[in-house]
Amino acid sequence: MDEHITVTEADGRVVVIVDDYELFDFVEDYLIEDCDFDVPEFTTSFCRGNRQFNAMHFSTGISLQVVRDAVEALSTTEIERIWRLNNDDLESG
């Protein structure tokens with residue numbers, strides 16, 4: 001899994017956590033438009049230290065492994081390129 005994206009479960013839902021808003025939009029569009037997942041049921045934002053994270057929470061019944069496989073199919077080079085658009089001054093990771 002890429003260091004900027006985490007796929008996990010909480011309360012029976014798949015949750016995709018992304019550490020940059022631009023990258024979040026890219027991943028959300030990819031999962032909805034290219035992978036045909038339903039629109040996330042809701043999204044949240046939270047901070048850890050000086051970093052903001054965004055999370056998409058999918059409906060129950062979506063497989064963690066299927067979402068994880070879809071995210072792992074993304075190009076790590078493209079993920080890093082998009083992340084750097086807003087975070088070039090930060091150290092990756």
Side-chain angles (χ1 to χ4, degrees):
M1 191 67 47
D2 185 82
E3 64 187 295
H4 303 297
I5 305 168
T6 303
V7 180
T8 189
E9 273 185 320
D11 299 323
R13 300 175 192 283
V14 174
V15 181
V16 179
I17 303 168
V18 184
D19 72 352
D20 172 73
Y21 193 77
E22 191 82 30
L23 183 56
F24 176 84
D25 281 347
F26 171 77
V27 172
E28 184 178 43
D29 288 348
Y30 163 74
L31 291 174
I32 294 168
E33 295 170 10
D34 296 344
C35 299
D36 293 325
F37 288 107
D38 290 335
V39 173
E41 204 163 90
F42 61 97
T43 60
T44 58
S45 296
F46 59 94
C47 292
R48 281 192 197 134
N50 64 348
R51 309 252 326 250
Q52 180 172 342
F53 293 79
N54 298 283
M56 57 190 93
H57 304 255
F58 287 92
S59 302
T60 57
I62 293 178
S63 165
L64 174 68
Q65 192 59 52
V66 170
V67 176
R68 187 173 279 150
D69 290 347
V71 170
E72 287 178 351
L74 286 167
S75 163
T76 55
T77 303
E78 184 67 1
I79 289 170
E80 191 66 22
R81 183 192 70 75
I82 294 167
W83 185 85
R84 289 227 172 264
L85 291 174
N86 295 323
N87 300 286
D88 199 34
D89 58 330
L90 298 176
E91 187 66 32
S92 184

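- Of all non-hydrogen atoms in I5 and V71, the two that sit nearest each other are CG2-CG1, 3.7 Å.
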Can you give me every donor-acceptor pair (side chain of residues 52-62, partner residue at least two apart or in another chain, under 3.5 Å) with its distance?
unit_1: N54; atom_1: OD1; unit_2: S45; atom_2: OG; d: 2.8
unit_1: H57; atom_1: NE2; unit_2: T44; atom_2: OG1; d: 2.9
unit_1: S59; atom_1: OG; unit_2: E41; atom_2: OE2; d: 3.1

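- Counting heavy-atom neighbours within 6.0 Å of D29 CG, excluding the residue itself, gives a total above 12.
- You'll find the side chain of R81 stays beyond 4.5 Å of the side chain of F26, heavy atoms only.
- In this structure, CD on E80 lies 6.0 Å from CD on E3, to the nearest 0.5 angstrom.
- Counting heavy atoms of neighbouring residues, nucleotides and ligands inside a 6.0 Å radius, atom OH of Y21 does not exceed 12 of them.
- With rounding to the nearest 0.5 Å, the separation of CG in L74 from SG in C35 is 7.0 Å.
- The distance from the CD atom of E28 to the OG1 atom of T43 is 7.0 Å, given to the nearest 0.5 Å.
- Between L23 and D20, the closest heavy-atom pair is N-OD2, 2.9 Å.
- A heavy-atom distance below 4.5 Å is found between the side chains of I32 and P40.
- Under the 4.5 Å side-chain heavy-atom criterion for ILVMFWY residues, a single connected hydrophobic cluster contains both F46 and V15.
- Atom-to-atom distance recorded for R51:CZ and N87:CG is 6.5 Å, nearest 0.5 angstrom.
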TODO: Verify side-chain contact (heavy atoms from CB on, under 4.5 Å) between V66 and F37, making sure each step is shown before the conclusion.
DONE: CA-CA 10 Å; V66 170; F37 288 107; 3.7 Å; yes

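- Under a hydrophobic-cluster definition in which Ile, Leu, Val, Met, Phe, Trp and Tyr are linked whenever side-chain heavy atoms come within less than 4.5 Å, directly or via other members, V27 and I79 are assigned to the same cluster.
- Expressed to the nearest 0.5 Å, how far CD of E9 lies from CZ of R68 amounts to 8.5 Å.
- Hydrophobic clustering (side-chain heavy atoms under 4.5 Å, transitive across Ile, Leu, Val, Met, Phe, Trp, Tyr) keeps I17 apart from V67.
- Minimum interatomic distance between L31 and A70 (heavy atoms only, all atoms of both residues): CD2-CB, 4.0 Å.
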